[in-house]
There are 2 protein chains.
Amino acid sequence: MNSDFTLAIHSLTFLALQSDRMSTSDAISESAGVHPVRIRKVLSLLKKHGFIKSKEGTGGGFIFTLDLSEVNLWDIYMITSEGALQPKCPDSNEKCIVGANMKRVLFAIFLGAEEHLGEYLKNYTIKEVVDLVNQDQNSGCD
Amino acid sequence: MNSDFTLAIHSLTFLALQSDRMSTSDAISESAGVHPVRIRKVLSLLKKHGFIKSKEGTGGGFIFTLDLSEVNLWDIYMITSEGALQPKCPDSNEKCIVGANMKRVLFAIFLGAEEHLGEYLKNYTIKEVVDLVNQDQNSGCD
DNA sequence: GCATAATGTAATAATAATTATTACAGTTTA
DNA sequence: TAAACTGTAATAATTATTATTACATTATGC
């Protein structure tokens with residue numbers, strides 16, 4: 001799994017704490033420690049699904065459009081990483097009963113695993129994440 | 001996540017269907033479509049945990065030591081891939097409240113996710129996997 | 001004893017996936 | 001019309017995964 005999922009969570013949490021004004025991809029990328037273009041790519045997905053809106057030009061950036069407790073981690077996972085749990089099986093030997101059938105069996109099991117994971121992730125909304133972040137040891141924001 | 005987990009499942013399923021004799025890493029690797037050295041590495045982990053035993057020399061190979069229904073997929077996950085769900089967070093900005101705390105928050109959430117996944121994976125033993133493989137469309141083994 | 005067939009494992013090479021960077025077009029503001 | 005943004009494609013760099021090679025070790029059968 002690449003880190004689009006966690007970057008999306010990071011970005012949305014950042015936006016949640018700046019809900020009164022727009023944040024630039026530069027500001028978010030500095031907070032997350034990755035390249036701004038990557039942030040824009042991830043946020044472009046979230047925009048497509050209506051979680052945030054963006055504005056180009058001076059004073060532009062990204063801002064949350066929904067209520068924090070309307071967006072949960074499963075929603076974000078589905079947008080950024082659906083199927084990521086699925087194992088990548090190399091082409092196995094079709095002449096062997098195991099090789100011929102393992103892919104199908106694993107696919108079914110991992111599909112169930114992803115659904116199960118979904119039940120867990122639905123318990124966390126961005127609001128909860130923000131609350132956890134606010135229970136901080138460290139503080140300070142720029 | 002690398003494919004050690006699925007390779008371990010594949011290998012154990014293979015051994016389960018050959019429970020009366022030893023199987024070589026060459027035979028398993030041919031079934032799984034990967035290099036025999038990789039199979040030996042994965043099986044060396046499973047051996048360390050007592051799921052299988054091995055024998056060197058002519059006529060040697062690997063064989064199951066436990067009952068098929070004693071080994072579940074969570075056991076195998078823990079051996080081959082513990083912590084693999086954990087996101088790799090780049091060093092983020094400690095001066096930002098989000099950057100300073102996100103790693104800790106995500107770590108906690110993903111730890112819970114892995115535990116939750118465990119509950120699901122415990123439902124599948126190698127016996128169940130073997131049964132699923134036997135409900136095959138394709139058949140034939142060499 | 002010795003050739004052969006296997007595991008065990010380290011070191012290295014090749015490949016694939018992820019991430020960063022560059023480049024530039026489009027938009028908005030002042 | 002310059003400056004500050006987003007949007008996105010193309011490419012480069014880096015990292016992770018997998019394959020390969022090499023060789024030591026162990027067991028078997030002749």
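A, B, ... follow the sequence lines: proteins, then strands. Residue 1 opens every chain. Since this is a predicted model, take the numbers as computed values, not measurements.
- Closest to the side chain of A:Ser25, from the set C:dA6, C:dT19, D:dT6, is D:dT6.
- Atom C1' of nucleotide C:dA11 and atom NE2 of B:His35 are separated by 14 Å, given to the nearest angstrom.
- Of the candidate nucleotides D:dA22, D:dG7, C:dA20, D:dG7 has the atom lying nearest to any side-chain atom of A:Phe62.
- Between the C1' atom of C:dA13 and the CZ atom of B:Arg38 lies a distance of 15 Å, rounded to the nearest Å.
- Side-chain N/O atoms of A:Thr24 include none lying less than 4.0 angstrom from OP1 or OP2 on D:dT6.
- The CG atom of B:Asn93 lies 6.0 Å from the SG atom of B:Cys96; values are rounded to the nearest 0.5 Å.
- Side-chain atoms of A:Glu56 lie closest to C:dG26 of the nucleotides C:dT9, D:dA19, C:dG26.
- Follow the hydrophobic side-chain contacts under 4.5 Å out from A:Ile28 and you reach A:Leu45 in the same cluster.
- In this structure, of D:dA10, D:dT28, D:dT6, it is D:dT28 that holds the atom nearest to the side chain of B:Thr58.
- Taking atom NZ on B:Lys53 and atom P on D:dA27, their separation rounds to 13 Å, with Å as the unit.
- Looking at the side chain of B:Val34, the nearest of the listed nucleotides C:dT19, D:dT8, D:dA19 is D:dA19.
- One interatomic measurement links the two molecules: CD1 of A:Ile28 to C1' of D:dA4, which rounds to 15 Å at whole-angstrom precision.
- Sequence order on DNA chain D of the closest nucleotides to B:Gly59 and A:Gly57 puts A:Gly57 first from the 5' end.
- Atom pair B:Met1:CE and D:dT18:P shows a separation of 11 Å (rounding to whole Å applied).
- Nearer the 5' end of DNA chain D, as judged by each residue's closest nucleotide, is the contact made by B:Lys88, out of B:Arg40 and B:Lys88.
- Here D:dA16 presents its C1' atom at 20 Å from CZ of B:Phe5, a figure rounded to the nearest Å.
- At the phosphate of D:dT6, neither OP1 nor OP2 sits under 4.0 Å from any side-chain N or O atom of A:Ser44.
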For residues 70-81 of chain A, tabulate all N or O donor-acceptor pairs below 3.5 Å that involve a side-chain atom, not counting sequence neighbours.
residue: A:Glu70; atom: OE1; partner: A:Asp67; partner atom: N; Å: 2.8
residue: A:Asn72; atom: OD1; partner: A:Trp74; partner atom: N; Å: 2.9
residue: A:Asn72; atom: OD1; partner: A:Asp75; partner atom: N; Å: 2.9
residue: A:Asp75; atom: OD2; partner: A:Asn72; partner atom: N; Å: 3.2
residue: A:Tyr77; atom: OH; partner: A:Ser81; partner atom: O; Å: 3.4
residue: A:Tyr77; atom: OH; partner: A:Glu114; partner atom: OE2; Å: 2.5
residue: A:Thr80; atom: OG1; partner: A:Ile76; partner atom: O; Å: 2.9

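- Among D:dG7, C:dA6, C:dT21, the nucleotide with an atom closest to any side-chain atom of A:Val37 is C:dT21.
- Between the CG atom of B:Leu43 and the P atom of C:dT9 there is a distance of 12 Å, given to the nearest Å.
- At the phosphate of C:dT29, OP1 or OP2 sits under 4.0 Å from a side-chain N or O atom of A:Lys55.
- To the nearest 0.5 Å, atom CG of residue B:Asp4 and atom CD1 of residue B:Ile9 are 11.0 Å apart.
- A:Ser3 and A:Arg38 are linked by a side-chain donor-acceptor pair at a separation below 3.5 angstrom, with hydrogens and angles left out of the test.
- Residue contacts for B:Lys47: at a heavy-atom cut-off of 4.0 Å it reaches the sugar-phosphate backbone alone, with no base atom in range.
- Between the CG atom of A:Leu15 and the C1' atom of D:dT6 there is a distance of 14 Å, rounded to whole Å.
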